[in-house]
Trainee: 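Quick one: structure below, then a few questions.
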Protein chains: 2
Amino acid sequence: MVLDETDLQILRLLSKNARLTNKEIGERLNKTATPIFKRIKRLEDHGYIRGYVAVLDYDKLDRGLVAFTHVQIKDHSRVGLQDFLERVIAFDEVLECYQTSGEFDFILRIAARDIKSYQEFMINKLIDLVPLTSVKSTFVMREAKKE
Amino acid sequence: MVLDETDLQILRLLSKNARLTNKEIGERLNKTATPIFKRIKRLEDHGYIRGYVAVLDYDKLDRGLVAFTHVQIKDHSRVGLQDFLERVIAFDEVLECYQTSGEFDFILRIAARDIKSYQEFMINKLIDLVPLTSVKSTFVMREAKKE
DNA sequence: TCTGAAAGAGTCTGACA
DNA sequence: TGTCAGACTCTTTCAGA
């Protein structure tokens, strides 16, 4: 499937604000709502749009501590990596999980109430999962962009 | 503002799928669409919900190379940090920007077509912004969770 | 805080250029 | 690919419990 400039602009708009109506998008692209609707349907069906999510303010939700946790595990076999992945994404604290190449095997985005909860997550949940080689935490002070 | 269990469940559902209708959410929580509507409005007005975005598949968009770029800058004054932040979020390649504490000053989530485009971004855009102390790139092989 | 009815708005389909 | 009209569905408001 080939995307034209209109498709790309639709994706650009929706990645910033998924609540735009087809009519509003159409007005910006000089079209009516119908072709916008059809194009979005096509983009969804072909997997270009994977879904729509609400962006929450974790500060207000008493989960103001957001961290990136860089994890290196001991067992690098396919089974070992898959095992860690499946078990770690089951935790509510894990907002995102990326398998990576390079120094770390996984980067996790974590939300916890405070530093104490974060440490509890580390000690009682993360560390027990599978044998780890290293864990490095970086705390987020400000989210400046998100799309 | 105090959130009850119903509010939290609404947030949980919408953070995974923002396309659920008020009626569908109501059915899961044993209520009608009206109270769900009112609660969501309240959560939006009070900033618990910051917005709604489409999740795109960057693989398919020929921006399959997603990386976390860890940046340490030379000038740690408030102005220096703010300056870098404002200029870096203007780049299309920058999907997300987090100001962090610890080893790095910023973590960027970057999307590029391939390794060559990524290097071009680094050399022609990122490096020129402000004097940097270190830049470390970690490439994403798989996104296993995102909410 | 909730239900249920009703108006307003958006989505989605189909005929046609 | 696109416009337009109409059916359908969801959102939103309001009266009442």
Side-chain angles (χ1 to χ4, degrees), chain A residues 1-64 92 95 113 146-147, chain B residues 1-64 92 95 111 113 145-147:
Chain A
M1 171 171 165
V2 181
L3 305 190
D4 62 15
E5 190 50 40
T6 303
D7 291 317
L8 292 174
Q9 290 202 306
I10 291 172
L11 291 176
R12 223 168 279 144
L13 289 169
L14 288 179
S15 76
K16 295 198 169 96
N17 178 9
R19 274 292 174 94
L20 289 168
T21 63
N22 294 337
K23 199 177 151 198
E24 286 169 331
I25 296 172
E27 279 162 9
R28 300 202 198 184
L29 307 181
N30 291 317
K31 299 194 191 331
T32 53
T34 309
I36 305 299
F37 167 76
K38 283 185 184 166
R39 282 167 179 273
I40 292 175
K41 187 91 179 53
R42 198 159 138 265
L43 291 166
E44 289 170 350
D45 290 345
H46 285 77
Y48 289 86
I49 297 173
R50 284 163 53 174
Y52 302 88
V53 300
V55 180
L56 306 186
D57 188 330
Y58 287 99
D59 251 22
K60 299 211 166 166
L61 291 168
D62 285 334
R63 290 172 75 185
D92 278 347
L95 302 180
R113 196 175 62 248
K146 195 148 179 66
E147 69 180 45
Chain B
M1 173 172 163
V2 181
L3 305 189
D4 63 14
E5 190 50 41
T6 303
D7 291 316
L8 293 174
Q9 290 200 308
I10 290 172
L11 292 176
R12 223 167 280 143
L13 289 169
L14 288 178
S15 76
K16 295 199 169 93
N17 178 10
R19 275 290 175 94
L20 289 169
T21 65
N22 295 336
K23 198 177 151 199
E24 286 169 330
I25 296 172
E27 280 163 8
R28 300 201 198 184
L29 307 182
N30 291 315
K31 298 193 192 332
T32 54
T34 308
I36 304 300
F37 166 75
K38 281 188 183 164
R39 282 165 180 273
I40 292 175
K41 187 90 178 52
R42 197 159 138 264
L43 292 165
E44 288 170 350
D45 290 345
H46 285 78
Y48 288 86
I49 297 173
R50 284 162 56 172
Y52 302 88
V53 301
V55 180
L56 307 185
D57 187 330
Y58 287 99
D59 249 25
K60 299 212 165 164
L61 291 168
D62 285 335
R63 290 173 71 186
D92 278 347
L95 302 180
R113 196 173 61 248
K145 187 177 186 180
K146 195 148 180 64
E147 66 180 47

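Quick note on labels: first sequence line is chain A, next is B, and so on, each numbered from 1.
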Trainee: Report yes or no: does A/Glu44 contribute a side-chain atom to a donor-acceptor pair with the main-chain N or O of A/Lys41 at less than 3.5 Å?
Mentor: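 Checking the backbone N and O of A/Lys41 against the side chain of A/Glu44, no donor-acceptor pair under 3.5 Å is found.
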Trainee: Given atom OH of B/Tyr52 and atom C1' of D/dT11, what is their separation to the nearest angstrom?
Mentor: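 Roughly 12 Å, once rounded to whole Å.
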Trainee: Would you indicate, yes or no, if D/dT11 has its OP1 or OP2 atom less than 4.0 angstrom from a side-chain nitrogen or oxygen of B/Asn22?
Mentor: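 For D/dT11, OP1 or OP2 has a side-chain N or O of B/Asn22 closer than 4.0 Å.
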Trainee: What is the distance, rounded to the nearest whole Å, between atom CD1 of B/Ile40 and atom C1' of D/dT12?
Mentor: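 After rounding, the gap between these two atoms is 12 Å.
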Trainee: Measure the distance from CD on B/Glu27 to C1' on C/dT3 and round it to the nearest whole Å.
Mentor: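 Rounding to the nearest Å, CD of B/Glu27 and C1' of C/dT3 are 15 Å apart.
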Trainee: With a 4.0 Å limit, can you tell me whether A/Arg39 has a side-chain N or O closer than that to the phosphate oxygens OP1/OP2 of D/dT1?
Mentor: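 False: A/Arg39 side-chain N/O out of range (4.0 Å or more) of D/dT1 OP1/OP2.
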Trainee: With nearest nucleotides of DNA chain C determined for B/Thr6 and B/Arg19 from heavy-atom distances, which residue corresponds to the more 5′ nucleotide?
Mentor: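 So the residue in question is B/Thr6.
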Trainee: Quick one: do A/Arg39 and A/Asp7 make a salt bridge, cutoff under 4.0 Å?
Mentor: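 Yes.
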Trainee: Nearest whole angstrom, please: distance from the P of C/dA9 to the CD1 of A/Ile25.
Mentor: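 In whole Å, C/dA9 P and A/Ile25 CD1 are 19 Å from each other.
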Trainee: Quick one: does A/Lys60's side chain have a donor or acceptor within less than 3.5 Å of a partner on B/His46's backbone?
Mentor: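 A pair under 3.5 Å: yes.
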Trainee: So which nucleotide from D/dG2, C/dC2, C/dT13 ends up closest to the side chain of A/Phe37?
Mentor: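 Shortest atom-to-atom distance from the side chain points to C/dT13.
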Trainee: Please determine whether a side-chain nitrogen or oxygen atom of B/Thr32 lies at a distance below 4.0 Å from atom OP1 or OP2 of C/dC2.
Mentor: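 It does not, given that no N or O in the side chain of B/Thr32 lies less than 4.0 Å from OP1 or OP2 of C/dC2.
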Trainee: Between D/dG2, C/dG4, C/dC12, which nucleotide has the shortest distance from any of its atoms to the side chain of A/Pro35?
Mentor: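 Of D/dG2, C/dG4, C/dC12, D/dG2 is nearest to the side chain of A/Pro35.
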Trainee: For the pair made of CG in A/Asp4 and P in D/dT1, what is the distance, rounded to whole Å?
Mentor: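 Rounded to the whole Å, the gap is 7 Å.
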Trainee: Return the 5'-most residue of the pair B/Lys23, A/Ile36 with respect to DNA chain D, ranking by each residue's nearest nucleotide.
Mentor: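 Nearest nucleotide further toward 5': that of A/Ile36.
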Trainee: Of B/Arg42 and A/Glu24, whose nearest nucleotide on DNA chain C comes first from the 5' end?
Mentor: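 Checking each residue's closest nucleotide, the 5'-ward one belongs to B/Arg42.
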Trainee: Would you sort out whether B/Ile25 and B/Gln9 count as a side chain to side chain contact (heavy atoms under 4.5 Å, CB included), showing the intermediate values?
Mentor: CA-CA 9 Å; B/Ile25 296 172; B/Gln9 290 200 308; over 6 Å; no
Trainee: Does a salt bridge link B/Arg19 with B/Glu24, judged by any charged N lying under 4.0 Å from a carboxylate O?
Mentor: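 A salt bridge is absent here (no side-chain N lies under 4.0 Å from a carboxylate O).
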Trainee: Whole Å only: how far is the CG atom of B/Asn17 from the P atom of D/dC10?
Mentor: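 Taking CG of B/Asn17 and P of D/dC10, I get 14 Å after rounding.
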Trainee: Between D/dT3, C/dC12, D/dT11, which one does the side chain of B/Thr21 approach most closely?
Mentor: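 Given the options D/dT3, C/dC12, D/dT11, the side chain of B/Thr21 is closest to D/dT11.
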Trainee: So B/Lys41, base contact, sugar-phosphate only, or nothing? Heavy-atom distance under 4.0 Å.
Mentor: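 Nothing, no nucleic acid heavy atom in range.
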Trainee: Over how many whole Å does the gap from B/Leu20 atom CG to C/dT11 atom P extend?
Mentor: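 Distance check: B/Leu20 CG to C/dT11 P gives 16 Å.
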